[in-house]
Number of protein chains: 2
Amino acid sequence: MAMGRPREFDTDTALDRAMEVFWQKGYEGASLAELTKAMGINPPSLYAAFGNKEALFRKAFDKYAAEKEAFFDELYRQPTARAVAEFYLRGAVTYLTDPKRPKGCLAINNTMACGDSADRIRQELLAKRAIGEARMRERLERAKREGDLPETADAAALTRYLSTVLQGMAVQALGGATREDLTQVAELAMKAWPST
Amino acid sequence: MAMGRPREFDTDTALDRAMEVFWQKGYEGASLAELTKAMGINPPSLYAAFGNKEALFRKAFDKYAAEKEAFFDELYRQPTARAVAEFYLRGAVTYLTDPKRPKGCLAINNTMACGDSADRIRQELLAKRAIGEARMRERLERAKREGDLPETADAAALTRYLSTVLQGMAVQALGGATREDLTQVAELAMKAWPST
DNA sequence: CTGCTTATTTATCTATCACTACAGAAAATC
DNA sequence: GATTTTCTGTAGTGATAGATAAATAAGCAG
């Protein structure tokens, strides 16, 4: 059987370009014209390789999530709740202001207000966020059992607080806040953390 | 001279409907079809009364800002920096989870990632945010002079922290966080506030 | 070289976008 | 009632959205 004509572009670098467009413009604000231009391909190549706009976004997001996998593995290996919280916020500052990448967070950008065409994507991202928050809550509950969080601490509330600060920093980064600005915010935010 | 045919709709209620559509869907995600349907008018009436989509958004935002004017007046009359911060975060929780209104914040929603057509609006909102943050910073600097914030306190960093928590709570509200959830977050956030 | 398969290019498709021309309708003025 | 003015509904405008048909090109198998 024949192999067919080989692809002339690299799907992974094309996907990376698409990811950055979605990151900067949002799912709704990223037009096919802009995507194909950034990816260096024509629409039929995009559709053959990725399906459609929604599928392209999902693959781009999977790539985005995969790039953060190592971070989360290391995050949850931190010895204490305080270390986890600090690692989380410091890491967030780093990622949100990476000079090689668009500012802010692809996931957070696409869970905001949007039209009907983007709402399915939005719901999917919210579901994934809920999974991530559950993981953090479990880690903090473990910390309570291990004694490095007081019995009175509310793991769910602390998790929501960390999420809130992360998301707020993502908004700030989009507004032009620098890495130094957000470092100050993260340090300040840690002052609310319960002492052992 | 003749007065002409009177308008058959109330511009203020129509503007309120438009505001809610922009709030829920974002500037980009709000189509003219959806806007006119929610406002109960046809496109020519919209354009005659408000100009175009951009001008409609600006008027809707002005209305949104006007509704919060009394809150900010009272906010900055609070006697101490701590009282200001508490009033700010408590008020934010109330507004972000008003059962009569869409969740979250119209302003924050429209400063996130967006396409080119919405970017002018985005820049305008960011400029207004900067003005608001400057006002808070000045209030906190006054607090340092009046002695209810320590000399070592960084007014700019504290302002950015408050902004960050507000914006994070807006993201949380869009994700389904309840008023109780956000109240916990606000109370936790206040633990980072410097003691006098 | 001849088939077979798949990718690429060009040129579209339909639906929807923000927006408006036009004609008729509703008031005030004369 | 006739005139003037402004609003309203219908029916569109051109532009762009996401997505594709068709023809061609490029590789492999025989």
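Just so it is clear: chains get the letters A, B, ... in the order the sequence lines come, proteins before strands, and each one is counted from 1.
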- Phe57(B) six-ring face occupied by Lys53(B) cation (under 6.0 Å, within 45°): no

- Message: Reading DNA chain C from 5' onward, which residue's closest nucleotide shows up sooner: Pro6(A) or Ala30(B)?
- Response: Pro6(A)

- Among Leu182(B), Val165(B), Leu188(B), the one residue meeting side chain to side chain contact (heavy atoms under 4.5 Å, CB included) with Leu89(B): Val165(B)

- Task: Would you indicate which nucleotide in dA18(C), dT9(C), dT10(D) comes nearest to any side-chain atom of Pro44(A)?
- Result: dT9(C)

- Item | Atom-pair distance (CG on Asn42(B); C1' on dC19(C)), nearest Å | 13 Å

- Task: Side chain of Leu32(A) only, please: which of dC28(D), dG18(D), dT8(D) is the nearest?
- Result: dG18(D)

- Message: Expressed as a whole number of angstroms, how long is the span from Met3(B):CE to dT6(D):P?
- Response: 10 Å

- Note on the structure: Given the options Arg129(B), Gln167(B), Arg122(B), Thr111(B) meets side-chain hydrogen bond (donor to acceptor under 3.5 Å, both in side chains) only with Arg129(B)

- Of all the nucleotides listed (dA18(C), dT8(C), dA17(D)), which has the minimum atom distance to the side chain of Arg7(A)? dT8(C)

- Under 4.0 angstrom between Ser31(A) side-chain N/O and dA17(D) OP1 or OP2: yes

- Item | Closest to side chain of Ala33(A), choosing from dT8(C), dC19(C), dA17(D) | dA17(D)

- Let me know the distance between CZ of Phe9(A) and C1' of dA25(D), rounded to the nearest Å. 16 Å

- Rounded to the Å, how far apart are Lys53(B) NZ and dC19(C) P? 8 Å

- Message: Once you apply a heavy-atom cut-off of 4.0 Å, does Pro43(A) come out as touching a base, just sugar-phosphate, or nothing?
- Response: base

- Note on the structure: note: Arg5(B), atom CZ; dT29(C), atom P; distance rounded to Å ~ 18 Å

- Task: Rounded off to whole Å, could you give me the CZ-to-C1' distance for the Phe22(A) and dG18(D) pair?
- Result: 12 Å

- Message: dA19(D), OP1 or OP2 - any side-chain N/O from Tyr47(A) closer than 4.0 Å?
- Response: yes

- Message: Measure CZ/Phe57(B) against C1'/dC19(C) and give the value in whole Å, please.
- Response: 19 Å

- Message: Please report whether the ring centroid of Tyr95(B) lies less than 6.0 Å from that of Phe71(B).
- Response: yes

- Message: Just N and O in the side chain of Ser45(A): are any of them under 4.0 Å from OP1 or OP2 of dA7(C)?
- Response: no

- Just compare dC19(C), dG18(D), dT10(D) and give me whichever is closest to any side-chain atom of Asn52(B). dC19(C)

- Nearest-angstrom distance from the residue atom CZ of Phe50(B) to P of dC7(D): 12 Å

- Cationic tip of Lys68(A) above Tyr64(A) ring, under 6.0 Å, 45° of axis: yes

